[in-house]
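Structure first, commentary second.
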Amino acid sequence: MTQTAVPSSTTTPSTTLSGLRSLHLIRVAFSLVWVALVATTSASLVSPDEPTVIAAVLLVVYPLWDAVATLVERRMTTAATGSTDRVGTLNMALGLAATAGMIVAVFSTIGTTLLVFGVWALLSGAIQLTVAIRRRRTVGAQWPMLISGGLSVLAGANFAAMSTSATSSLSAIAGYSAFGAFWFLVSAITLSIRSRRENR
C-alpha cells in the first residue's frame, strides 16, 4: 500500500492531483475485493497450514498489484515533472521481489508467507513514510499516507513476529489490506479537497 512518485514542482498540476486521487480510489476498490476474497475463501488458514490454490493466488497477486500501481503512479508524476523517480523504481523492485518471494513461500506454509509479507510490508511502509515526508511541500495532504506508512511498518514487524505462532492466520493480512484501503480513501478525499482549493 505504497505511493512513491514525488513531484518536484512547488505547484502540483491539477491533472496530477486528479490522477493520484483516481489511482487511490482504484487501490481502495482492489483492496476491498481482495479482503472479501480472503474472508470468504482463506481466512481460516493458520500458520502451519499449506496455502490453498486460491490463497496462493491471492498472496502472489497482492504485492504484484502494488508494483503495477506504483508503476502507473511513477509514470503519471514523471510525465508531470519530467524528472525520474528513483524512490518509485526502488519500490517497484521491492514489490517484484516480494512477488517472487511469495511465489516461493506459497509452496510452504502460511507462516512462511506471513514472514515474507511482513518484511515487504515493513520495507514498503518505510518507503511510503519517506515519500510522504518529501511530498508534503509539493503535493500536500500527506498526513493520511504518513499514518498509513507508519502503520505498515508496525504491521510488517508484527507479521514477521507472528509467523512462528501456530495460531496466526491469513485473516491478519486481510485486516492489513482493509486498513490500507481506508487510508487510501482518506488520501483520495484530502487530495480532492486540495485540488478544489487550487482551482478556486
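Please read all numbers here as calculations on a predicted model, not as lab measurements. What's counted below: heavy atoms across the whole structure, side chains too, no hydrogens, waters or symmetry copies.
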Among all residues two or more places apart in sequence or in another chain, which pass the side-chain hydrogen bond (donor to acceptor under 3.5 Å, both in side chains) test with Ser165?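 Here the qualifying residues are Thr167.
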Any side-chain heavy atom of [X] sitting closer than 4.5 Å to one from [Y]?
X      : Y      : result
Ser168 : Leu114 : yes
Leu32  : Val35  : no
Leu129 : Val153 : yes
Thr99  : Pro63  : yes
Ser169 : Leu45  : no
Leu170 : Val38  : yes
Trp120 : Val116 : no

Got a second to check how far [X]'s [atom1] is from [Y]'s [atom2], nearest 0.5 Å?
X      : Y      : atom1 : atom2 : result
Leu20  : Arg27  : CG    : CZ    : 10.0 Å
Thr70  : Asp66  : OG1   : CG    : 4.5 Å
Ile110 : Leu59  : CD1   : CG    : 6.0 Å
Asn91  : Leu71  : CG    : CG    : 11.0 Å
Phe30  : Tyr62  : CZ    : OH    : 7.0 Å
Leu154 : Leu122 : CG    : CG    : 8.5 Å

Okay, side chain of [X], backbone of [Y]: is any donor-acceptor separation there less than 3.5 Å?
X      : Y      : value
Trp34  : Ser177 : no
Thr130 : Ala126 : yes
Ser171 : Ala174 : no

Tell me, with the steps shown, if Thr109 and Ser47 meet side chain to side chain contact (heavy atoms under 4.5 Å, CB included). CA-CA 6 Å; Thr109 63; Ser47 291; over 6 Å; no
For Phe184, run the side chain to side chain contact (heavy atoms under 4.5 Å, CB included) check against Leu23, Ile26, Val28 and tell me which one passes.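 With Phe184 as partner, side chain to side chain contact (heavy atoms under 4.5 Å, CB included) holds for just one option, Val28.
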Among Leu115, Thr113, Val119, Thr112, find the residue that satisfies the side chain to side chain contact (heavy atoms under 4.5 Å, CB included) test when tested with Ser163.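 Testing each of Leu115, Thr113, Val119, Thr112 against Ser163, the sole residue satisfying side chain to side chain contact (heavy atoms under 4.5 Å, CB included) is Leu115.
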Would you please say whether a donor-acceptor pair under 3.5 Å links the side chains of Ser148 and Gln128?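 Ser148 vs Gln128: donor-acceptor pair found between side chains.
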Judged by modelled atom types alone, do Tyr176 and Ser152 share a side-chain donor-acceptor pair under 3.5 Å?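 Note: Tyr176 and Ser152 side chains meet the donor-acceptor criterion.
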Side-chain hydrophobic cluster, 4.5 Å single linkage: members besides Leu64: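 Taking Ile, Leu, Val, Met, Phe, Trp and Tyr as members, Leu64 shares its hydrophobic cluster with Leu96.
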Go through the steps to decide whether Leu25 and Leu185 satisfy the test side chain to side chain contact (heavy atoms under 4.5 Å, CB included), and finish with yes or no. CA-CA 6 Å; Leu25 290 175; Leu185 177 60; 4.0 Å; yes
Minimum heavy-atom distance between Ile173 and Phe117, given as atom pair plus value: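 Heavy atoms of Ile173 and Phe117 come nearest at CG2-CZ, 3.5 Å.
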Can you confirm whether Ile54 is buried at CD1, in the sense that more than 12 heavy atoms of other residues, nucleotides or ligands lie under 6.0 Å from that atom?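 No, CD1 of Ile54 has 12 or fewer neighbouring heavy atoms, counting only those of other groups under 6.0 Å.
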Find out if a path of hydrophobic residues (ILVMFWY) with successive side-chain heavy-atom gaps under 4.5 Å connects Val104 to Leu94.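 Looking at the clustering, Leu94 is in a separate group from Val104.
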For a side chain to side chain contact (heavy atoms under 4.5 Å, CB included) check, start with the C-alpha distance between Thr52 and Thr41, then their side-chain angles and the critical distance, and finish with the verdict. CA-CA 9 Å; Thr52 62; Thr41 65; over 6 Å; no
